[in-house]
Amino acid sequence: MADPIVYVAQRMAVAFAKVGGSLADGIDTAVRQSDRADAQVNGSLALAKAMGATPRDIAIKILEVAELKDVCSSAEVAGPGFINLTFANDFLARELVVASTSEKLGVRKVASSRRVVIDYSAPNVAKEMHVGHLRSTVIGDALVRMLMFVGNTVVRENHVGDWGTPFGMLIEHLVDLGETNAAEELSVGDLDSFYRGARKKFDGSEEFQIRARTRVVALQSGDAETLRLWKLLVAESTRYFQTIYETLGVLLQDSDVMGESAYNALLPQVAQRLSDLGLLTNSDGADVVFPEGFTNRENQPLPLIIRKTDGGYNYATSDLACVIDRVERLDSSLLLYVVGAPQAQHLQMVAAVAKQAGWLQSPREMVHVAFGNVLGADRKMLKTRSGDTIKLDALLTEAVERAAAAVAEKNPELSADTRNEISRIVGIGAVKYADLSTDRIKDYTFDWERMLSFDGNTSPYLQYAHARICSIFRRANVDRASVRKVIPKIEHKAERELAMRVLQFDSALWDTIEKYSPHRLCTYLYDLASSFSSFYEQCSVLKADTDDQRSSRLMLCDLTARVMQAGLDVLGIEAPEQM
RNA sequence: GCCCUUGUAGCUCAGUGGAUAGAGCACCGGACUUCUAAUCCGUUGGUCGUAGGUUCGACUCCUACCAAGGGCGCCA
């Protein structure tokens, strides 16, 4: 609990209770950041209303009973009854040491650890990963990391599209090409041309269509040879996905794959259990559930289709099987779905049915972590100039190339190896940060220039701040760990601003986790980098006036760098020591 | 037709019921014999889509409308 605002909030809550008694119960006593002081408390206005008193009088009473001597250098009533707080510098210094010497840099651990399942990335077998998979993968990875950071158990699940009617067509195409040739085409990552080849045959040949349909039946009935060919397709594809994940630097591994096919055996059980519960009804030949509150175009109840007229199951059934599996097998209490915003209604219906069936009882919850599209400069879905989807592979390669050009220009004396490594970190980081740094629910505009810029809210700017700190320690020839118990002396305005910012890591990270919104942490890290850059200009570390001042500033630098590094790390972004 | 999301500076975006709505880019003006100038400091720029309502107080909550995007029965 290093964050002074969090710390003082407890003292204020006590003071409100003392003044207001039971009338203070529903009152928002929150302490907030302020541009008038370090923090402000506004609850006195609401409490005054409840008590029928004047806000300023209440604020004065609150200040009379609030224990703030050891933490605030000033606490005064302002305006209509706001309380402005200024933290004492020695209090800030103590909290900095708490943060510096704590394992998680002052970040509170989760009160009770949860088992969280995160469903994200979800590419399709035998299809290229494209820019559409970027957001799910990057946002999901960041959430995994931050949930783990505060002490949750996180289960990653990559719900790859590895089942369904297209596989008849794909397997027949595989047979036509010959296994060796097909495996080669797939292994080099040319999944699109494989898929297109199959599609073209399917559209152009009736004979092929018949073969494909026959093959689907064989696949679903568990024909050994068909399954062998299917596994070949899946294995080559997942191997390729893994290369992308490694380039991207996300935690997903082969063992995290829980494809649609993994739930096949459960599908009849889902239907049976819904039937046993009396929730299943037959409608136009299909078995469906009508969850309450959903209507179609004609204002009729909207069904979730469990079993199609032809007896097959579809994705709603599979998604319900997922819920059952995640709750009953994994005992997960929080199910996160990092899935595009258009799926909102579908997921709401799945959740509604799962609740009706008793599979998703409070406090277990299912949360749709929805996100918008990646747009091009034309404000339409990002495409190549010729109108094709952009392969993720090509996008990441270009990011590293562009970063390399910038690094070569700005820091030409680096060795080739170092330059390549930094280019990779900067390029990939820029793409991920651009995706993470705006509110996920909105569409965002993809812009190379902006994301690779060293000005503004970009990963290179944050990485640069970190690298500058590392540079100071290299020059000073001081071991980073040696300054971590120094009690800093906060004197300069810029030091104070930086100190305040560093201490907010805890609340910034928690705010981000509670809203599943990585951009909040990005905003914080950008503010941190800005505060540091300003400090750096105004407060010389190596040429400090005194040894005390120097070690104090070194302590502040080290802590800033560690917070920056940890913050970037939970976003899935690396922080190089030089740039 | 119903439902969901979005609408904030010229552009890209932040903004937790609280005081005077903030950044970056762009524009203009400053600061490098200096711990990395890949930076910093300053100026300019707003009917917060529109109109009502709730509230001591609304960019924030509610209602209606406008605009853009998306969803709405056997694809996933």
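Please read all numbers here as calculations on a predicted model, not as lab measurements. Atom set for the values below is all heavy atoms of this structure, side chains included, hydrogens, waters and symmetry mates excluded.
- For A/L302 and B/rC2, the CG to P distance is 16 Å, given to the nearest whole Å.
- When each of B/rU36, B/rC13, B/rC72 is scored by its nearest atom to the side-chain atoms of A/N296, the top-ranked nucleotide is B/rC72.
- Between the OH atom of A/Y315 and the P atom of B/rG71 there is a distance of 11 Å, given to the nearest Å.
- Taking every side-chain heavy atom of A/F82 into account, B/rG18 is the closest of B/rG18, B/rG73, B/rU36.
- Searching all strands for a Watson-Crick or G-U wobble partner of B/rC61 with both distances below 3.5 Å returns B/rG53.
- Judged by atom type and distance alone, A/T523 does not reach the base of B/rG15 through any side-chain donor-acceptor pair under 3.5 Å.
- Residue A/R550 is tested with A/V483, A/D545, A/V478 for a side chain to side chain contact (heavy atoms under 4.5 Å, CB included); the sole match is A/V478.
- When distances run from any side-chain atom of A/D455 to the nucleotides B/rA14, B/rC25, B/rU34, the shortest one goes to B/rC25.
- There is a side-chain donor-acceptor pair under 3.5 Å between A/N457 and A/Y433.
- Here the side chain of A/Y464 is nearest to one of B/rC35, B/rA38, B/rA76, namely B/rA38.
- Using a 4.0 Å heavy-atom cutoff across all strands shown, A/A30 reaches no nucleic acid atom at all.
- Within the nucleic acid shown, A/Q343 comes within 4.0 Å of at least one base atom, counting heavy atoms only.
- Along RNA chain B, the nucleotide closest to A/G164 and the one closest to A/K442 are compared, and the more 5′ of them pairs with A/K442.
- Nucleotide B/rC2: paired with B/rG71 (Watson-Crick or G-U wobble, both distances less than 3.5 Å).
- Across the protein-nucleic acid pair, A/D447 atom CG and B/rA26 atom C1' stand 13 Å apart, rounded to whole Å.
- Salt bridge present: A/D38 and A/R496 bring a charged side-chain N and a carboxylate O closer than 4.0 Å.
- Within the structure, every side-chain polar atom (N or O) of A/H346 is placed at least 4.0 Å from both OP1 and OP2 of B/rC4.
- With a cut-off of 3.5 Å on both pairing distances, B/rC35 has no Watson-Crick or G-U wobble partner at all.
- In this structure, of B/rC35, B/rU6, B/rG73, it is B/rG73 that holds the atom nearest to the side chain of A/I305.
- Proximity note for A/I472 (side chain, C-beta onward) versus B/rC35, B/rA76, B/rU12: the nearest is B/rC35.
- Taking atom P in both B/rA23 and B/rG46, the straight-line distance is 15 Å, to the nearest Å.
- No hydrogens or angles considered: nothing links the side chains of A/Y524 and A/R520 as a donor-acceptor pair under 3.5 Å.
- The residue among A/E260 and A/N42 whose nearest nucleotide of RNA chain B lies closer to the 5′ end is A/N42.
- Base-pair partner of B/rC28: B/rG42 (Watson-Crick or G-U wobble, both distances under 3.5 Å).
- Listed by chain and residue number, nothing satisfies the salt bridge (Lys or Arg N to Asp or Glu O under 4.0 Å) test with A/R474 (two or more places apart in sequence, or in another chain).
- Note: OH (A/Y444) to P (B/rG7) measures 18 Å, nearest angstrom.
- Between A/S453 and B/rC25 there is no side-chain N or O to OP1 or OP2 distance below 4.0 Å.
- The shortest distance between the side-chain N/O atoms of A/R520 and the OP1/OP2 oxygens of B/rG15 is below 4.0 Å.
- Looking at A/S533 and A/Y461, their side chains do bring a donor and an acceptor atom within 3.5 Å of each other.
- Counting non-hydrogen atoms under 4.0 angstrom, A/T309 reaches a base of the nucleic acid.
- For A/P342, counting side-chain heavy atoms from C-beta on, the closest listed nucleotide (B/rG71, B/rA38, B/rU12) is B/rG71.
- OP1 or OP2 of B/rA37 has at least one side-chain nitrogen or oxygen of A/R468 nearer than 4.0 Å.
- One atom, CE of A/M451, and another, C1' of B/rC25, lie 15 Å apart when rounded to the nearest Å.
- OP1 or OP2 of B/rU16 has not a single side-chain nitrogen or oxygen of A/K515 nearer than 4.0 Å.
- Counting any heavy atom pair closer than 4.0 Å across all strands shown, A/D319 reaches no nucleic acid atom.
- Pair assignment for B/rA21: none, as no Watson-Crick or G-U wobble contacts are both less than 3.5 Å.
- No contact: A/F473 has no heavy atom under 4.0 Å from any strand.
- Of the candidates B/rC72, B/rA76, B/rC13, the closest approach to any side-chain atom of A/T438 belongs to B/rC13.
- Counting distance only, with no hydrogens placed and no angle test, the side-chain atoms of A/R32 and the base atoms of B/rU16 include a donor-acceptor pair under 3.5 Å.
- Using a 4.0 Å heavy-atom distance criterion, A/A341 is classed as making no nucleic acid contact.
- A close approach under 4.0 Å does occur between a side-chain nitrogen or oxygen of A/S471 and OP1 or OP2 of B/rU36.
- The phosphate of B/rU36 has neither OP1 nor OP2 within less than 4.0 Å of any side-chain N or O from A/R474.
- Residue A/A46 places its side chain closer to B/rG18 than to any other of B/rG18, B/rC13, B/rC35.
- Nucleic acid contact for A/C522: none, since no nucleic acid atom lies under 4.0 Å from a heavy atom of the residue.
- A donor-acceptor contact shorter than 3.5 Å links the side chain of A/S423 to the backbone of A/R419.
- Residue-level contact check: A/S318 touches neither bases nor backbone, having no heavy atom under 4.0 Å from any strand.
- Using a 4.0 Å heavy-atom distance criterion, A/D439 is classed as a sugar-phosphate-only contact.
- Contacts of A/I441 with the nucleic acid, taken as non-hydrogen atoms under 4.0 Å apart, involve only primed sugar atoms and P, OP1 or OP2.
- No contact: A/Q463 has no heavy atom under 4.0 Å from any strand.
- When both pairing distances are held under 3.5 Å, B/rG7 makes a Watson-Crick or G-U pair with B/rC66.
- Salt bridge absent: A/D57 and A/K61 never bring a charged side-chain N and a carboxylate O closer than 4.0 Å.
- Separation of the C1' atoms belonging to B/rC13 and B/rC32 is 31 Å when rounded to the nearest angstrom.
- Per the geometry, CZ belonging to A/R450 stands 11 Å off P belonging to B/rA14, to the nearest Å.
- If you check every strand for non-hydrogen atoms under 4.0 Å, A/D527 touches nothing.
- One interatomic measurement links the two molecules: CD of A/Q549 to P of B/rC35, which rounds to 17 Å at whole-angstrom precision.
- Of the candidates B/rU36, B/rG24, B/rC40, B/rC40 carries the atom nearest the A/Y461 side chain, counting heavy atoms from C-beta on.
- For a distance-only test at 3.5 Å, the side chain of A/S533 fails to qualify as a donor-acceptor partner of the base of B/rC40.
- With a glycosidic angle no further than 90° from 0, B/rC32 counts as syn.
- Rounded to an integer number of Å, the gap from CD of A/E298 to P of B/rG71 is 17 Å.
- For the side chain to side chain contact (heavy atoms under 4.5 Å, CB included) with A/W163, the qualifying choice from A/Y315, A/W230, A/Y313 is A/W230, the only one to do so.
- The only member of A/R553, A/R501, A/K489 that meets salt bridge (charged side-chain N to carboxylate O under 4.0 Å, His left out) when paired with A/E495 is A/R553.
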